[in-house]
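Only one structure is covered here, and it is reproduced in the block below.
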Amino acid sequence: MKKIALISAAVTLAVLVIAPKFVGDNVESQVIDITDALNNHSIYGAEIIEYQKGWFSSTADIALTINVNDIFNAQNGATSAAPTESNPTVMAKLVAHHGPIYVGDSVGIGQAQYSVVLEGEGFREYLQWDQDSPFYRNQGVVGLFGGLSYEDELPAMTASIEEESFYFSFSGYQGKAKSEGDATHFTGLAPTFSFSTAEFTTTVSTLDVAMTSYGSMLAAIKGELLASSSTLSVEKVTIERIEESAVTVNDMVLTTDATLEDDGALANLGMNYTVSSVMADDFEASSLEFGLEFNRLDTDFIKAYQKFNNESLSTPPLEMAAKLTSLIDDHLLSLLAASPELNISHLSGTFPEGDIRAHANTKLVNIDTLPDNLMNPSFWAKHLDAELALDAKEEVMVWLTSLYLQNQYQSTVEGASMSDEELRRVALEQAPGVLDFIIMQQLMVKEEGRYRSTIAVKDGFSTVNGTKVPIPLAQ
């Protein structure tokens with residue numbers, strides 16, 4: 001029995017002594033991978049200035065750079081007028097403790113406790129914050145076989161440019177992240193921030209972020225497509241203008257959702273934006289909602305487009321046309337062959353004049369070759385499959401039409417000589433006639449005090465409010 005106990009103790013001791021070495025190697029490998037991923041981005045850069053690896057702890061000094069000069073030189077074709085002598089750089093200090101046992105919110109072998117600190121002293125020329133606090137701090141735990149949890153924070157800070165009457169105030173930010181299986185959950189909160197000029201002051205209250213991402217942090221840094229969902233909410237936005245009424249926006253919420261299908265070959269991206277209410281002296285709205293969906297997107301096209309977009313800032317303008325042509329030649333057909341969809345899943349709101357609701361579902365179908373001329377409207381008309389619907393109270397349609405007319409009149413010689421009140425009056429007088437003309441064209445119907453319209457497009461024909469109409473371009 002004693003022999004078994006001694007053997008068990010020896011094995012345990014060996015594990016406790018050897019495990020930190022493997023964890024330390026894993027930490028170093030992850031730091032190198034993240035640095036390489038940042039360096040592969042045209043906008044960012046990272047360099048390990050010094051890495052000291054011990055048996056139970058490691059430290060690293062990493063220079064993080066934004067390639068401002070490279071971008072400027074590419075866009076302007078010269079280096080003499082670069083905005084700074086060198087690219088803006090900030091130093092990050094990594095300290096990792098990896099053995100023998102981490103004791104935190106859970107006890108375990110094979111975990112590393114780490115902290116990343118950006119002192120940001122160079123930022124103090126522009127921003128003011130507590131002298132005893134770094135610009136950014138991230139502290140957490142990472143596992144040998146995956147798993148991550150951390151807390152991060154930005155301090156409260158202010159900024160001002162007296163000669164331009166610009167002032168900025170930020171209450172600080174605190175965030176958390178924790179992984180569960182292949183999912184990582186992020187949350188963050190910034191209570192308030194505001195900025196003001198000589199003309200206005202904008203205040204944002206209670207910015208709250210929640211996100212779940214499926215996949216590794218390294219994959220996200222590399223820009224790989226990951227399934228995810230997120231919610232960004234703002235309790236209130238207030239815009240106060242000199243000698244004008246304030247504008248208040250309440251309960252803004254933006255949700256996003258990204259899913260992958262066909263073993264990652266296709267992506268579905270959704271966004272939903274809601275606002276509880278908007279109030280100003282001459283405007284009021286409530287229950288505003290806008291939903292947008294991009295479905296069945298070829299992921300190879302998305303990756304190629306991301307690469308094109310990332311490289312565009314550092315690409316000389318004369319080379320952009322060739323890069324765009326290459327993107328189209330190599331990936332456009334695969335995007336269209338997947339029958340991509342662009343849907344406005346809902347567009348709605350309530351105003352003093354009444355409510356309005358609309359949606360539009362569109363997709364391209366049965367495309368297996370590209371036309372010689374991509375600007376040929378007949379090609380797109382033949383492959384369009386769409387369905388649109390509108391339902392609005394009469395007073396809302398008159399009001400919206402008058403806003404459109406007022407905007408058009410402002411660009412005319414006659415309208416330029418009219419006051420805002422005269423423009424509004426003329427537009428309101430003519431709006432009903434414009435709507436009557438649309439009804440005469442059978443593009444809309446008026447029923448029980450509401451304007452309604454349904455339009456479908458399929459196989460080269462359109463159906464407008466129940467009447468089938470051929471599309472000349474598609475015949």
Side-chain angles (χ1 to χ4, degrees), residues 66 68 71-72 75-76 81 83-84 88 120 122-130 135 154-173 188-209 232-254 271 273-290 313 349-353 399-400 402-428:
I66 300 178
V68 173
I71 295 169
F72 183 89
Q75 297 301 308
N76 292 276
T84 60
F123 297 150
R124 291 190 184 275
E125 181 180 352
Y126 314 101
L127 299 168
Q128 295 78 50
W129 71 89
D130 188 344
F135 178 75
L154 290 165
M157 60 186 73
T158 59
S160 62
I161 305 175
E162 297 286 347
E163 59 271 21
E164 297 183 17
S165 299
F166 176 83
Y167 302 93
F168 170 80
S169 176
F170 177 58
S171 64
Y173 167 87
L189 175 66
T192 61
F193 69 86
S194 65
F195 59 91
S196 62
T197 68
E199 290 77 31
F200 66 89
T201 297
T202 299
T203 303
V204 178
S205 303
T206 315
L207 188 153
D208 203 336
V209 180
L232 185 152
S233 62
V234 175
E235 185 178 278
K236 179 183 290 188
V237 177
T238 303
I239 304 172
E240 298 175 284
R241 299 167 292 179
I242 301 299
E243 298 181 357
E244 293 188 48
S245 62
V247 177
T248 302
V249 183
N250 294 305
D251 296 324
M252 299 169 53
V253 180
L254 172 64
M271 179 199 77
Y273 183 59
T274 63
V275 175
S276 175
S277 65
V278 180
M279 291 180 289
D281 185 43
D282 56 351
F283 180 82
E284 183 178 340
S286 62
S287 302
L288 301 176
E289 187 166 5
F290 174 66
L313 289 175
T350 300
F351 307 91
E353 294 80 5
W399 171 62
L400 291 175
S402 73
L403 292 180
Y404 171 78
L405 293 175
Q406 186 176 338
N407 184 64
Q408 295 298 304
Y409 293 157
Q410 285 176 335
S411 61
T412 66
V413 175
E414 182 182 359
S417 63
M418 300 171 67
S419 67
D420 289 345
E421 184 57 38
E422 288 175 323
L423 283 171
R424 277 193 292 267
R425 179 178 55 78
V426 171
L428 279 171

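For reference, positions follow the sequence shown, starting with 1.
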Counting only pairs under 3.5 Å, give me each side-chain donor-acceptor contact of residues 273-280, with atom names and distances, residues two or more places apart or in other chains.
from: Ser277; atom 1: OG; to: Asn250; atom 2: ND2; distance (Å): 3.0

Worksheet entry | For Thr197, side-chain hydrogen bond (donor to acceptor under 3.5 Å, both in side chains) partners two or more places apart | Glu199
Item to complete: Looking only at non-hydrogen atoms, find the nearest pair between Glu284 and Phe351 and report the distance.
Response: O-CD2, 3.7 Å
Item to complete: Mind checking side-chain hydrogen bond (donor to acceptor under 3.5 Å, both in side chains) for Glu163 and listing every partner two or more places apart, or none if nothing turns up?
Response: none
Discussion item. I'd like to check Phe123 versus Trp129 (side-chain heavy atoms, cut-off strictly below 4.5 Å). Are they in contact?
Written reply: yes
Worksheet item: Can you tell me if OH on Tyr126 sees more than 12 non-hydrogen neighbours from other groups inside 6.0 Å?
Response: no
Practice prompt. Supply the atom-to-atom distance Thr192 OG1 to Glu235 CD, rounded to the nearest 0.5 angstrom.
Written response: 11.0 Å
Practice prompt. For Thr203 and Ser194, work out which heavy atoms get closest and say how close.
Written response: OG1-CB, 3.7 Å
Discussion item. Testing the basics here: between Ser205 and Val234, what is the closest heavy-atom pair and its distance to 0.1 Å?
Written reply: O-CG1, 3.7 Å
Worksheet item: Distance from Met418 atom CE to Arg424 atom CZ, nearest 0.5 Å?
Response: 11.0 Å
Worksheet item: Which pair of non-hydrogen atoms, one from Val253 and one from Ser233, has the smallest distance, and what is that distance?
Response: CG2-CB, 4.0 Å
Practice prompt. Mind checking the OG1-CD1 spacing from Thr202 to Ile239? Nearest 0.5 Å is all I need.
Written response: 4.5 Å
Which donor-acceptor pairs under 3.5 Å do side chains of residues 403-411 form with protein atoms, sequence neighbours excluded?
from: Tyr409; atom 1: OH; to: Gln430; atom 2: OE1; distance (Å): 2.3
from: Ser411; atom 1: OG; to: Gln408; atom 2: O; distance (Å): 2.8

Practice prompt. Apply side-chain hydrogen bond (donor to acceptor under 3.5 Å, both in side chains) to Glu422 and list each qualifying residue two or more places apart in sequence or on a separate chain.
Written response: Ser419
Practice prompt. Would you check if the side chain of Arg241 reaches a backbone N or O of Ser245 as a donor-acceptor pair within less than 3.5 Å?
Written response: yes
Worksheet entry | Glu164: salt bridge (charged side-chain N to carboxylate O under 4.0 Å, His left out) partners, not counting sequence neighbours | none
Worksheet item: Do the ring planes of Phe193 and Phe168 sit parallel (below 30°), tilted (30 to 60°) or perpendicular (above 60°)?
Response: tilted
Discussion item. Minimum heavy-atom separation for Leu127 and Phe135, please, with both atom names.
Written reply: CD1-CE1, 4.0 Å
Item to complete: Could you pull out the closest heavy-atom pair between Pro191 and Ser171, with the gap in Å?
Response: CD-OG, 3.2 Å
